[in-house]
Amino acid sequence: MGGANNAESSEAEIFVERVRAAFSQTPVAVAVTVVNAALMASVLLLTEPAERVFIWLSVALVIAAVRLTLWLQFRSVGSNGARSIRWSLASKWGAFGAGLAWGVGSVFLLPDQEIYQLFWVFLIGGMCAGAASLHFAHLPTVLYFIAPASLPLAVHFVLDGGQRQVAAAIMILVFVLALTETSRRASRNFGKMVRLRLVLEQRTHDLDITNAKLRKEITEHHAAEESLRQAQKMEAVGQLTGAIAHDFNNLLTAIIVSLELLRTSTPESDAKAIGWLRTASEAAERGRALTQRLLAFGRRQPLKPEVVRIQTLVEGMGGLLSSSLGPGIHVIKQFADALPPVEADVNQLELALLNLVVNARDAMPNGGELIIAAKASETRIADENGDGASSGTYVVLSVTDTGEGMDKDTLARAVEPFFTTKAGEKGTGLGLSMVHGFAAQSGGQFLLQSTKGIGTTAELWLPSAGPSAPPIASDTQPFVRRQPTRGGTVLVVDDDPLVLASTSGILEDIGYSPVRAGSGHAALQIAQTQQIDLVVTDYVMPGLTGLQLADELHKSEPLLPILLVSGFLEVESNQMRRLQWLPKPFGRQALADAIDRCLAAR
């Protein structure tokens with residue numbers, strides 16, 4: 001059916017082209033008719049009555065004027081579809097009228113002298129040949145002219161009965177037949193030419209469409225490649241920063257613990273030493289914050305997911321956000337109705353929102369408008385590689401500013417760690433990196449949209465809390481640390497000698513008896529020979545991880561309290577929840593509280 005429709009469409013277009021070609025030659029045909037009619041009239045006046053000659057000339061000129069009028073109308077309205085049929089009829093009957101004028105005129109104005117008769121024959125033949133050469137594209141127009149123009153003269157010669165007249169009639173008929181065949185072939189070739197042109201135009205059109213699709217696919221492919229390269233780069237940087245932060249946390253743990261132990265042994269009267277210790281402790285705390293941001297970007301930070309209501313969280317941060325923004329920025333809050341809760345780490349979510357708000361503030365040095373909005377979205381989120389898309393309900397927490405905005409190059413690097421456009425020490429370049437890593441680690445996504453000179457919108461997509469999510473943390477009683485039971489034996493396991501020594505020092509300081517092990521296998525051997533009350537073990541260790549060590553120890557002593565310590569955790573939530581854990585770097589009080597929680601849980 002499709003091929004038949006295409007063929008019909010092609011023939012219709014060819015027909016339109018035939019009619020258009022026939023009409024395009026009408027002015028030439030009319031001009032030739034007028035000139036030849038005037039010449040023939042001047043010759044006829046030598047032998048024929050003037051009245052008859054002028055009547056014939058008037059008829060020929062009127063027909064020529066009608067044909068010219070039709071041509072003018074054709075030019076103004078054009079020819080397509082159903083109009084082509086009407087214009088085809090107009091072309092045929094216009095040619096028929098012109099041909100009939102010549103044919104009838106040759107009969108009624110034919111002189112007796114043979115020389116003038118020959119003049120008529122040659123003139124009629126020339127007019128027929130001219131019609132064939134001008135209107136060959138539309139064969140009916142040719143036939144409608146040459147038939148009435150030539151046949152009346154041929155019939156007149158036959159009726160005269162003379163031998164020469166009959167011969168002339170036969171010659172006229174042969175000429176007409178030859179001219180008809182020539183016109184038919186020319187018309188057919190014209191159709192082939194138009195058909196080829198239409199095919200070429202269609203092929204060109206199809207090729208243009210294919211090229212456009214190909215260019216689009218190439219552009220999309222290049223964009224996908226660029227996204228993949230960016231994702232791979234960010235993943236590599238994330239792994240690198242996570243590893244660096246892990247090692248740095250070990251160093252910070254030893255530094256912080258050593259400073260705390262040194263502080264307890266320094267007399268209050270030594271103000272200078274206490275001042276230096278305080279300065280060193282503050283520097284260590286800044287290092288702790290830095291590693292936490294690196295771990296957040298590298299998705300290595302330990303998260304404590306719980307069910308959070310975005311609107312409640314934002315309202316609870318109202319005072320902090322207002323003091324961070326200052327008086328020159330007007331805050332607008334827009335929250336959708338019936339907004340579902342999300343499952344996320346509350347502290348990290350608050351830190352992420354604070355980072356976004358501070359970034360927006362810095363982008364509006366002269367003040368402006370800040371919109372904090374939240375809505376639910378049923379959509380699909382793809383991972384950084386462009387695949388592995390997940391579907392479900394997400395809550396979109398967005399921060400929109402009316403600040404300076406970012407250009408394309410800056411936007412492409414905005415979440416890279418340590419990349420910042422802020423001068424001096426105003427920014428570390430880790431704020432957006434932390435938000436990006438936190439969103440990805442929470443099962444969501446972080447999106448940035450920005451226009452230079454208009455502003456920026458940062459969207460934090462977080463999955464809504466499912467039916468299996470933990471209950472919303474509400475008015476629970478705060479944890480009260482009891483006094484540790486002194487004299488207990490604690491097995492301390494860490495492959496880093498500095499952390500092992502510092503952790504053991506804290507345990508001795510708070511009343512425990514530490515037993516050191518530099519690996520998981522060494523810890524198993526010690527546990528088989530000594531009575532152990534508590535195990536404090538690092539998570540990332542060669543040979544046997546802290547989680548594997550806990551599994552082995554619980555096979556023989558299922559109730560043995562075990563505290564898992566790590567610079568970052570890469571274990572499933574259900575595995576994390578069955579053990580107490582403590583993130584590095586930690587200090588004396590944090591370790592004491594974690595041990596108390598671990599013993600209380602037992």
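Keep in mind that the numbers below use all heavy atoms, side chains included, and drop hydrogens, waters and symmetry copies.
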Rounded to the nearest 0.5 Å, what separates atom [atom1] in [X] from atom [atom2] in [Y]?
X: Ile454; Y: Thr402; atom1: CD1; atom2: OG1; answer: 11.0 Å
X: Tyr116; Y: Met40; atom1: OH; atom2: CE; answer: 9.5 Å
X: Glu17; Y: Leu198; atom1: CD; atom2: CG; answer: 6.5 Å
X: Leu123; Y: Leu118; atom1: CG; atom2: CG; answer: 11.0 Å
X: Gln25; Y: Ser133; atom1: CD; atom2: OG; answer: 8.0 Å
X: Leu196; Y: Asn189; atom1: CG; atom2: CG; answer: 10.5 Å

- [ ] Have a look at Trp102 and tell me which of Trp56, Phe108, Phe96 forms a ring-ring contact (aromatic ring centres under 6.0 Å, His included) with it.
- [x] Trp56
Under a 4.5 Å cut-off applied to non-hydrogen side-chain atoms, are [X] and [Y] in contact?
X: Gln311; Y: Val314; result: no
X: Arg20; Y: Phe74; result: yes
X: Glu51; Y: Ile55; result: yes
X: Val43; Y: Leu39; result: no
X: Leu462; Y: Leu397; result: no
X: Gln73; Y: Leu70; result: yes
X: Ile372; Y: Leu356; result: no
X: Glu315; Y: Lys333; result: yes

Task: Modelled atom types, side-chain donor and acceptor of Glu201 and His205, under 3.5 Å - done: no
TODO: Assess the side chains of Ser84 and Arg18: does a donor N or O sit below 3.5 Å from an acceptor N or O?
DONE: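 Checked: Ser84/Arg18 side chains show no N/O donor-acceptor pair below 3.5 Å.
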For the pair [X] (side chain) and [Y] (backbone), establish whether a donor and an acceptor sit closer than 3.5 Å, ignoring hydrogens and angles.
X: Thr182; Y: Ala178; value: yes
X: Gln117; Y: Pro111; value: yes
X: Thr26; Y: Phe23; value: yes

[X] versus [Y], closest heavy-atom pair with distance:
X: Ala360; Y: Leu370; result: CB-CD1, 3.4 Å
X: Trp87; Y: Val19; result: CB-CG1, 3.7 Å
X: Gly191; Y: Ile14; result: O-CD1, 3.9 Å
X: Ala374; Y: Ile310; result: CB-CG2, 3.9 Å
X: Leu179; Y: Ala129; result: CD2-N, 3.7 Å
X: Ser106; Y: Trp120; result: CB-CE3, 3.5 Å

Open item on the list: Walk me through whether Val32 and Met127 qualify under side chain to side chain contact (heavy atoms under 4.5 Å, CB included).
Closed with: CA-CA 8 Å; Val32 171; Met127 292 295 294; 3.9 Å; yes
Task: Residues Arg185, Glu181: salt bridge by 4.0 Å N-O rule - done: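 A salt bridge links Arg185 with Glu181.
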Task: Salt bridge flag under 4.0 Å for residues Glu13 and Arg195 - done: no
TODO: Given side chain to side chain contact (heavy atoms under 4.5 Å, CB included), test Asn359 with Asn355 step by step and report yes or no.
DONE: CA-CA 6 Å; Asn359 267 8; Asn355 273 316; 5.9 Å; no
Could you go through residues 135-151 and list every donor-acceptor pair under 3.5 Å that involves a side-chain atom there, pairing it with any protein atom two or more places apart or in another chain?
{"from": "His135", "atom 1": "ND1", "to": "Ala22", "atom 2": "O", "distance (Å)": "3.4"}
{"from": "His138", "atom 1": "ND1", "to": "Thr141", "atom 2": "OG1", "distance (Å)": "2.5"}
{"from": "His138", "atom 1": "NE2", "to": "Ser88", "atom 2": "OG", "distance (Å)": "2.9"}
{"from": "Thr141", "atom 1": "OG1", "to": "Ser91", "atom 2": "OG", "distance (Å)": "2.8"}
{"from": "Ser150", "atom 1": "OG", "to": "Ile146", "atom 2": "O", "distance (Å)": "2.5"}

All N/O donor-acceptor pairs, side-chain side in residues 152-174, below 3.5 Å, sequence neighbours left out:
{"from": "Arg164", "atom 1": "NH1", "to": "Glu114", "atom 2": "OE1", "distance (Å)": "3.4"}
{"from": "Arg164", "atom 1": "NH1", "to": "Glu114", "atom 2": "OE2", "distance (Å)": "3.2"}
{"from": "Arg164", "atom 1": "NH2", "to": "Glu114", "atom 2": "OE2", "distance (Å)": "2.8"}

